[in-house]
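One is the number of the first residue; the rest follow in order along the sequence.
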Amino acid sequence: MMNKKFYNLLIWVFLIAVFSACEKEEESPLSNDLLKKSSGPIIVGNTIEFAYAIGSTDHSKLKAVEITASIAGNMGTGISTHSRKTSPSGGQEEAVLIATKTDTDGAISRAYLVDTIAATIRYFYVVPEEARGKQLKFSFRSTSETGGASIASQTYNVSNVDIFKGLIMTSGNECYFSLETMQAYTKEQVTSQGLESKIDFVYIYKPTMGSGWTFGHGLVAPSNEEGYLLPNEIPAGASNKTLLERKYWPDGQLKISGTPTIYVDESDFRKAAFDGTITHAYGLGTDQGVLIKSQDGKYIAYLYINATSSNTKKIEFAVKRLTLL
């Protein structure tokens, strides 16, 4: 049986070793911190930006940074050779060279730093299709002449929502829209390409309805009564009963200007309730939106209007779409 005094001695040796290791860990010659700069739901095709700050606590020179993503990003993923600083004279942002070389190989991005003891690294990650509906995490590690430091991001959920920007419809021309293809078509294109069953709504501009009340810019399901659809001609066979509901969701990822205040994501679509009867939305204007559900229940989308023109009978908009089936 082990001598009790010898056993106690072993315990003390073990504790001293543990405390020594902890002290060495705490005495890293580098300090680092991490900030995710981009906001809103993480969507395939969008870019996430991180600012990774590192500084030497013993005045040793920084050498390199290595960032590893849990899933390799799309083209455009990597570390910028420049950081940004605010000019003390004019208050303008200026580019500052912080890396002599950067490269990305699969999930790993590296930067080899200039002669400095502190820097803020800008890392951009372009979300790939492979990440849809999955989780992302990033690890950041920096090294100096005398040691290293590391930090990990939190885990981020990637949305199943798709985003489409810079879309345009013109009343009487490219005004027949499909949620499946996310494109607007002319009547001739719908007919020649056999797209009648894929048209979910029609964009119409007219100052008033026949009875005299204001109509303006509107979206109308092909199944609606002729009075709403005039003066556009609906291709034979286009008859989807698409549900439309006006919503004021100033989504920060769909707006082209202003300060983001709201972000529409997957949970908003899944909780959306339609009364099953409204197949039109009119009197629409800039910074207004419409929640849309296709007749077959495959798609729910939110259309946000960024600009309108009564003279050219046109709207410019962006869409978030969730595929349910």
Side-chain angles (χ1 to χ4, degrees), residues 162-251 254-257 274 276-296 298-321:
D162 291 303
I163 189 167
F164 304 86
K165 297 181 178 181
L167 303 174
I168 295 175
M169 286 189 290
T170 307
S171 183
N173 189 21
E174 291 182 329
C175 59
Y176 305 91
F177 198 88
S178 169
L179 290 176
E180 180 180 320
T181 65
M182 291 305 299
Q183 290 187 41
Y185 302 92
T186 64
K187 182 176 180 290
E188 292 71 24
Q189 288 172 327
V190 172
T191 302
S192 64
Q193 298 177 39
L195 297 171
E196 291 86 353
S197 65
K198 297 183 185 296
I199 300 306
D200 295 291
F201 58 88
V202 185
Y203 163 61
I204 296 167
Y205 174 79
K206 51 188 174 184
T208 64
M209 282 285 284
S211 56
W213 44 270
T214 301
F215 189 90
H217 301 276
L219 306 180
V220 182
S223 66
N224 211 314
E225 60 187 83
E226 186 178 358
Y228 282 95
L229 292 162
L230 290 174
N232 289 17
E233 294 183 12
I234 304 305
S239 58
N240 280 329
K241 184 183 178 182
T242 307
L243 303 182
L244 300 108
E245 180 183 334
R246 293 183 62 157
K247 286 282 187 183
Y248 180 64
W249 288 342
D251 188 300
L254 299 179
K255 290 163 63 72
I256 59 174
S257 63
F274 292 83
T277 61
I278 304 301
T279 56
H280 58 264
Y282 59 88
L284 301 172
T286 301
D287 292 328
Q288 295 182 6
V290 181
L291 191 62
I292 306 166
K293 186 174 184 179
S294 62
Q295 175 179 287
D296 59 10
K298 184 174 181 179
Y299 302 109
I300 290 185
Y302 180 63
L303 182 152
Y304 188 81
I305 300 173
N306 281 300
T308 64
S309 171
S310 300
N311 292 331
T312 58
K313 302 179 181 179
K314 181 175 71 175
I315 60 169
E316 299 175 24
F317 60 102
V319 175
K320 280 185 176 179
R321 182 193 68 183

* To do: Heavy atoms only: give me the nearest Gln183-Tyr185 pair and the separation to one decimal.
  => O-CE1, 3.5 Å
* Can you tell me how far CD of Glu226 sits from CD of Glu233, rounded to the nearest 0.5 angstrom? -> 10.0 Å
* Candidates Thr170, Asn173, Thr191 - the one meeting side-chain contact (heavy atoms from CB on, under 4.5 Å) with Thr186 -> Asn173
* Asked: Could you walk me through whether Leu254 and Lys320 pass the side-chain contact (heavy atoms from CB on, under 4.5 Å) check?
  -> CA-CA 8 Å; Leu254 299 179; Lys320 280 185 176 179; 3.8 Å; yes
* Asked: Could you give the distance from CG (Asp287) to CD1 (Ile256), rounded to the nearest 0.5 Å?
  -> 8.5 Å
* Tell me whether the centres of the aromatic rings in Phe177 and Phe317 are closer together than 6.0 Å. => yes
* If you take all heavy atoms of Pro222 and Ala238, which pair is closest and at what distance? -> CB-O, 3.4 Å
* When rounded to the nearest 0.5 angstrom, what distance separates NZ in Lys314 from CD in Glu174? -> 11.0 Å
* **Verdict with reasoning, Leu195 to Ser178, per side-chain contact (heavy atoms from CB on, under 4.5 Å)** => CA-CA 9 Å; Leu195 297 171; Ser178 169; over 6 Å; no
Cut-off 3.5 Å, no hydrogens considered: what does the side-chain donor-acceptor table look like for residues 279-286, sequence neighbours left out?
| from | atom 1 | to | atom 2 | distance (Å) |
| --- | --- | --- | --- | --- |
| Thr279 | OG1 | Asn224 | ND2 | 2.8 |
| His280 | ND1 | Asn224 | ND2 | 3.2 |

* Go through Tyr228 and Met209 one step at a time and tell me if the side-chain contact (heavy atoms from CB on, under 4.5 Å) criterion holds. => CA-CA 7 Å; Tyr228 282 95; Met209 282 285 284; 4.2 Å; yes
* To do: List the steps, then state whether side-chain contact (heavy atoms from CB on, under 4.5 Å) holds for Val220 with Tyr203.
  => CA-CA 7 Å; Val220 182; Tyr203 163 61; over 6 Å; no
* Structure fact -> Nearest heavy-atom approach of Phe215 to Ile204 is CE2-O, 3.8 Å
* Within a strict 4.5 Å, meaning less than it, do heavy atoms of the Tyr205 and Thr308 side chains meet? -> no
* Which pairs with one or both residues in residues 197-210 pass salt bridge (Lys or Arg N to Asp or Glu O under 4.0 Å), sequence neighbours excluded? -> Glu180-Lys198
* Asked: What pair of heavy atoms forms the shortest contact from Phe274 to Ile292, and how long is it?
  -> CZ-C, 4.0 Å
* Within the distance-only criterion (no hydrogens, no angle test), does the side chain of Ser294 pair as donor or acceptor with the backbone N or O of Tyr299 below 3.5 angstrom? -> yes
* **Shortest non-hydrogen contact from Val190 toward Tyr176** => CG2-CB, 3.9 Å
* Any side-chain hydrogen bond (donor to acceptor under 3.5 Å, both in side chains) involving residues 236-245? Give me the pairs, sequence neighbours left out, ordered by first then second residue. => Glu245-Lys247
* Taking Ser309 for the side chain and Thr312 for the main chain, is one N or O donor matched with an acceptor at less than 3.5 Å? -> yes
* Asked: With a 4.5 Å heavy-atom cut-off, do Met182 and Asp162 have their side chains touching?
  -> no
* Between atom CG of Asn306 and atom OG of Ser257, what is the distance when rounded to the nearest 0.5 Å? -> 7.0 Å
* Leu243 side, atom CG; Thr277 side, atom OG1 - distance, nearest 0.5 Å -> 8.0 Å
* Asked: Within a radius of less than 6.0 Å around NZ of Lys313, do more than 12 heavy atoms belonging to other residues, nucleotides or ligands occur?
  -> no
* Should the pair Tyr302 and Trp249 be assigned to parallel (<30°), tilted (30 to 60°) or perpendicular (>60°) ring geometry? -> tilted
* Asked: Considering all heavy atoms of both residues, which atom of Cys175 and which atom of Asn232 are nearest to each other, and what is their separation?
  -> SG-ND2, 3.1 Å
